[in-house]
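Following: one structure in structure tokens, then a few remarks.
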Amino acid sequence: MKIKLICIGKTGKAFLNEGENEYLTRLKHYVSTVKIEIPDIKNQKNLTVEQIKDLEGKEILQKIGNAEQIYLFDEKGANYTSENFAKFLQQRFNAGGQFLTFIIGGAYGFSKEIYSIAHGKIALSSMTFSHQMVRMIALEQIYRGLTILKGEPYHHE
């Protein structure tokens, strides 16, 4: 199984890009990981929030194939400790499929259609982060989870 991370928009800050790249590089030692960036919707100021979410949703759907387990990073999702997230990862890997797909939406979240195809939602915190920051945090937590599963010393209890 591979991990796919689908993100809306680009990260505009160099320090966040460096962090993303650091964890993508580290993840290569554990699992094949693909990051897909979907460009921001153009002319957003002329659209409603629902129109933006629907257009983003259509773009996301084009990046998803069959046999994917789809989980949304969403502030209203399930909360995990790092150890429990590692167990979640192991369960998902055991369930099989081509991709374990995580999706980070745009500033307004997800369309109803994306919510309807998701297998679940995961909250990274009760706090709200910019969707650019969530990418690095999500990648770090995936990496941390895999090191926990391998019994490596990255995570300290």
Side-chain angles (χ1 to χ4, degrees), residues 1-11 16-40 53-54 56-157:
M1 178 175 289
K2 300 174 186 175
I3 290 179
K4 183 188 291 185
L5 180 67
I6 300 174
C7 314
I8 298 292
K10 291 189 176 193
T11 301
L16 292 173
N17 280 321
E18 290 171 18
E20 285 180 42
N21 291 333
E22 174 68 24
Y23 289 107
L24 285 167
T25 299
R26 290 183 185 196
L27 281 167
K28 289 179 188 176
H29 300 288
Y30 300 93
V31 64
S32 176
T33 306
V34 178
K35 181 181 89 170
I36 298 172
E37 287 185 343
I38 296 173
D40 284 317
K53 291 192 299 187
D54 287 343
E56 289 173 346
K58 288 177 184 169
E59 293 293 324
I60 290 168
L61 288 172
Q62 291 179 12
K63 307 299 182 192
I64 297 171
N66 295 330
E68 294 190 33
Q69 298 179 51
I70 301 164
Y71 288 87
L72 310 178
F73 283 113
D74 185 281
E75 63 190 10
K76 294 179 179 91
N79 287 295
Y80 292 98
T81 64
S82 293
E83 293 87 358
N84 286 337
F85 184 64
K87 291 176 186 174
F88 164 85
L89 290 173
Q90 186 64 65
Q91 291 167 346
R92 301 292 36 95
F93 292 145
N94 291 347
Q98 184 177 5
F99 283 101
L100 173 54
T101 300
F102 295 104
I103 305 174
I104 299 170
Y108 302 110
F110 301 100
S111 68
K112 291 176 185 167
E113 189 169 13
I114 297 302
Y115 280 119
S116 73
I117 64 162
H119 294 92
K121 299 181 289 188
I122 300 168
L124 290 171
S125 172
S126 296
M127 296 180 181
T128 302
F129 300 112
S130 72
H131 58 285
Q132 291 91 357
M133 290 184 85
V134 168
R135 297 162 162 211
M136 184 179 67
I137 295 167
L139 288 167
E140 192 278 339
Q141 283 300 298
I142 294 167
Y143 172 74
R144 181 178 296 273
L146 294 173
T147 64
I148 290 169
L149 293 176
K150 295 288 186 183
E152 295 177 354
Y154 180 77
H155 177 74
H156 305 286
E157 293 184 16

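Heads up: numbering here begins at 1 and tracks the sequence. This structure is a prediction, so every number in the text was calculated from the model and none was measured. What you see below is based on every heavy atom in this structure, not just the backbone, and it leaves out hydrogens, waters and symmetry mates.
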- Mind checking side-chain contact (heavy atoms from CB on, under 4.5 Å) for His155 and listing every partner two or more places apart, or none if nothing turns up? Ser82, Glu83, Arg144, Ile148, Glu157

- Task: Name all residues meeting the side-chain contact (heavy atoms from CB on, under 4.5 Å) criterion together with Ser130; count only those two or more places apart in sequence or in a different chain, and write none if there are none.
- Result: Gln132, Met133

Determine the minimum heavy-atom distance between [X] and [Y], stating which atoms define it.
{"X": "Ala95", "Y": "Gln69", "answer": "CB-NE2, 3.9 Å"}
{"X": "Arg135", "Y": "Cys7", "answer": "NH2-CB, 3.0 Å"}
{"X": "Lys63", "Y": "Lys4", "answer": "O-NZ, 2.7 Å"}

- Task: Please lay out, stage by stage, how Tyr154 and Glu140 fare under the test side chain to side chain donor-acceptor pair (under 3.5 Å).
- Result: CA-CA 11 Å; Tyr154 180 77; Glu140 192 278 339; 2.7 Å; yes

Can you sort out the partners of [X] under side-chain hydrogen bond (donor to acceptor under 3.5 Å, both in side chains), two or more places apart, ordered by chain and number?
{"X": "Lys35", "value": "Glu20, Glu37"}
{"X": "Glu18", "value": "none"}
{"X": "Gln98", "value": "none"}

- Task: Hey, could you give me the OG1/CD1 distance between Thr147 and Ile142, rounded to the nearest 0.5 Å?
- Result: 12.0 Å

Between side-chain atoms of residues 107-115 and protein atoms elsewhere (two or more places apart, or another chain), which donor-acceptor pairs fall under 3.5 Å?
unit_1	atom_1	unit_2	atom_2	d
Ser111	OG	Ile114	N	3.3
Tyr115	OH	Asp74	OD2	2.5

- Item | Over 12 foreign heavy atoms within 6.0 Å of CG, Asn94 | yes

- In Ile104, Thr33, Thr101, the residue satisfying side-chain contact (heavy atoms from CB on, under 4.5 Å) with Leu5 is Ile104

- Message: Can you classify the ring geometry of Tyr143 versus Tyr30 as parallel (below 30°), tilted (30 to 60°) or perpendicular (above 60°)?
- Response: perpendicular

